[in-house]
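Reviewing the structure listed below.
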Amino acid sequence: MYCHLVLFLQSEDGDIIACVDIYKQPAFDHPALKNHTIQMQPSFIPSTETPNGERENSRPVVSQLWKKRGSCPKGTIPIRRIRRRELLRTNGRKSPEHLKGTKKIATQDRFMHLNNTKGSILYPTPENRSTAILLTYGYNYVGASGEINVWNPHVERLPEFTTAQIWLKSGAVNNFESVEAGWTVDGYKKTGCFDLTCYGFVQTSTEIALGGAVEPGSSSFQQQYVLPINIFMDPTTTNWWLVFHNIAVGYWPGSLFSLLKHSATSVEWGGQVYSVNVRKTPHTKTAMGSGYDAEELYGFACFIGQPRILDYSKSYKYPTFVAVWKDEYNCYSAVNYKAGNANDEATFFFGGPGQSYRCP
């Protein structure tokens, strides 16, 4: 994998970053990408406006630790070396997400008054996972974005992990495709992977090492930091691009998808904990978000601000219909909170400590 190195960089947290020839990256070990032509930049990047019409991010954004030690030259991409303990833990893959055949009802949250619909939707519950999300469904979504608040929550033991992210999905309960991005701490089907640990994602940026540590994290009573994420399908190539804070990181080639070939049918924003001890007693102590309950709101609870969807109009907008779902409301809560000002937009808060007096 590293036989065409240009440079090694070691981050202060111990990560080793290899600057690898862009044409020798792991993506091209995928048999369907043997003759793939790299799309170096998306044909366009959709603009995201705040509720006040401002285009720039108003909250401070995290950066990657390894960038303090240098950068990768043009024509290469930064790849974080996988540590032995990580390979032993996950083999570079996401644990299978098997969805139960039964479905539960996800109803609109009492804090959410963004449309007149009072109906409910059916949301499948994944095994060994506890989820607290804001979701929208039923349309042809070709993109989604949001500002994901960054924390460093407690993880009880390996191979448990906790994540805050954005999902775009298409397909049925146990047969779906998804593209996902966000942050995870310590950490589907067997085809699911993190970062570049399996083949398929084509990276183009010299500035972002997928899986690399970010700083600073948020803390109570202190400044809140965000990870701005934008995922969208390029209409020219049907590649699904990942953009971090105006940096085009790379893409999932459209040729690898069938269900996501033209659009997604649902978008989710929020958190998820993986453990064999969710929905059991004793419950896992792995936290979601900041570890505080969603009802603690700004400065304590983790949030995703400015959630947006992109449709064929190529204009980001707040989704027409949203619903809140939490698998275990006593363990990990969620609320789409809108302040008293009618012009204010709702902010989605989620999280919790896991095992507690309310979640034994």
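Numbers here are sequence positions counted from 1.
Both cation-pi conditions hold for Lys314 and Phe44: the charged atom is under 6.0 angstrom from the six-membered ring centre and inside a 45 degree cone around its axis.
Taking 4.0 Å as the cut-off between side-chain N and carboxylate O, Lys169 and Glu177 do not count as a salt-bridged pair. In this structure, Asp29 does not pair ionically with Lys24, as no charged nitrogen and carboxylate oxygen lie closer than 4.0 Å. A salt bridge does not link Arg279 with Glu328: none of the charged nitrogens is closer than 4.0 Å to a carboxylate oxygen. Between Glu345 and Lys338 there is no salt bridge, since no side-chain N of the basic residue sits under 4.0 Å from a carboxylate O of the acidic one.
Within the 4.5 Å cutoff, no side-chain heavy atoms of Tyr225 are placed close to those of Glu215. Between Thr184 and Phe161 there is a side-chain heavy-atom pair separated by less than 4.5 Å. Looking at heavy atoms from C-beta onward, Val226 lies out of side-chain contact with Val62 at the 4.5 angstrom threshold. Under the 4.5 Å side-chain criterion, counting only non-hydrogen atoms from C-beta, Thr204 is not in contact with Val249.
Applying side-chain hydrogen bond (donor to acceptor under 3.5 Å, both in side chains) to Ser275 and the options Lys285, Glu160, Arg129, Lys280 leaves one that passes, Glu160. With Pro78 as reference, Ile17 is the one residue of Val20, Ile17, Ile208, Leu210 to meet the side-chain contact (heavy atoms from CB on, under 4.5 Å) rule.
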key: Check against side-chain hydrogen bond (donor to acceptor under 3.5 Å, both in side chains), Asn149 and Ser218   = CA-CA 8 Å; Asn149 191 204; Ser218 303; 3.1 Å; yes

request  = Could you walk me through whether Tyr141 and Thr136 pass side-chain hydrogen bond (donor to acceptor under 3.5 Å, both in side chains), step by step?
outcome  = CA-CA 10 Å; Tyr141 305 112; Thr136 187; 3.0 Å; yes

query = Going through the distances and angles, do Ser205 and Glu207 end up as a side-chain hydrogen bond (donor to acceptor under 3.5 Å, both in side chains)?
reply = CA-CA 5 Å; Ser205 173; Glu207 301 181 60; 4.8 Å; no

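Formation of a donor-acceptor pair under 3.5 Å by the Gln41 side chain with backbone atoms of Gln39 is not found in this model.
When ring centroids are compared, Phe349 and Phe300 stay outside the 6.0 Å threshold. Outside the 6.0 Å centre-distance limit, the rings of Tyr312 and His262 are not counted as a close aromatic pair. A distance below 6.0 Å separates the ring centres of Trp252 and Phe201.
Under the 30°/60° scheme for interplanar angles, the aromatic rings of Trp241 and Tyr251 are found to be tilted.
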